Amino acid sequence: MGDQIRDVVVRRAGHGDVEGLVACSSALFAEDAGTRDPQIDIGWPGEHGAARFTEGVDDPGRLLLVADHLGEVVGHLAGALVEPSAMRPVRTATLVSMYVRPAFRGQAVGERLAGEFLRWASAAGAETAEVTAYSANAGAVRFYERQGFTSRTVTLRTDPGR
């Protein structure tokens, strides 16, 4: 397992990576949202992911990265730029999703993906970068904090019919 890190290449995704992106996204939905948010359709990546990732490959306002291990996608990162508005007059880079297969965790693959995202955000002129994580996913929150992200907002949710 120790030699795997040398064989993992973090690179921009191409059209040939869409199937791997969908597989990673499906695993992320099942592992994260599927265990923490009953309102999320965990079938979304299988139904809509291919079209979304295919559009994103050529979109200059989006970043799709893969962690490639000997031709197999073992992780991904999706990011997007949000242009300034009257209410929020700064360009923002949003880390939309990130996933690394369990066998490749603890080998700095996630750090490499996040580092590439932050470099892309800076090069694109983003003044801020953001990511959302489930508060119950303490591991993800700690990971993002180690990458320099800090909590600025908290989303509270309830069922209005209660």
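All figures in this text were calculated on a predicted structure; none of them were measured in a lab. Every heavy atom of this structure was used, including side-chain atoms; hydrogens, water molecules and symmetry mates were not.
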Exercise for the section: Dump the intermediate steps for side chain to side chain contact (heavy atoms under 4.5 Å, CB included) on Arg52 and Leu64, then the final yes or no. Expected result: CA-CA 11 Å; Arg52 182 85 173 138; Leu64 292 175; over 6 Å; no

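- A salt bridge links Glu116 and Arg119; the closest N-O separation between the charged side-chain nitrogens and carboxylate oxygens is under 4.0 Å.
- Enclosure of atom CD in Glu127 by more than 12 non-hydrogen atoms of other residues, nucleotides or ligands within 6.0 angstrom is indicated.
- No more than 12 heavy atoms of other residues, nucleotides or ligands lie within 6.0 Å of CZ in Arg142, so this atom counts as exposed by the packing criterion.
- Other cluster members for Leu70: none, since no ILVMFWY side-chain heavy atom sits under 4.5 Å from it.
- Arg12 has its side chain within reach of Leu63: a pair of non-hydrogen atoms, C-beta onward, lies under 4.5 Å apart.
- Between Tyr144 and Phe149, the ring planes lie perpendicular to each other; the angle is over 60°, past the 30° to 60° tilted range.
- Residues Leu21 and Val73 share a closest heavy-atom pair of N-CG1, 4.4 Å.
- Using the six-membered ring where Trp is involved, Phe53 and His76 have ring planes that are perpendicular, over 60° apart on the 30 and 60° scheme.
- Looking at Thr94, Thr128, Val90 one by one, the single match for side-chain contact (heavy atoms from CB on, under 4.5 Å) with Val82 turns out to be Thr94.
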Exercise for the section: Under the side chain to side chain contact (heavy atoms under 4.5 Å, CB included) rule, what do Arg11 and Asp17 come out as? Steps first, then yes or no, please. Expected result: CA-CA 11 Å; Arg11 60 173 174 76; Asp17 297 311; 2.7 Å; yes

Practice task
Could you walk me through whether Val74 and Gln107 pass side chain to side chain contact (heavy atoms under 4.5 Å, CB included), step by step?
Solution key: CA-CA 12 Å; Val74 298; Gln107 301 178 47; over 6 Å; no

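- Shown here is Arg101, whose CZ atom has more than 12 heavy atoms of other residues, nucleotides or ligands within 6.0 Å.
- Closest approach of Tyr134 and Arg36 over heavy atoms only: CB-CD, 3.6 Å.
- Nearest heavy-atom pair, Gly46 versus Ser26, reported as atom, atom and distance to 0.1 Å: N-OG, 4.0 Å.
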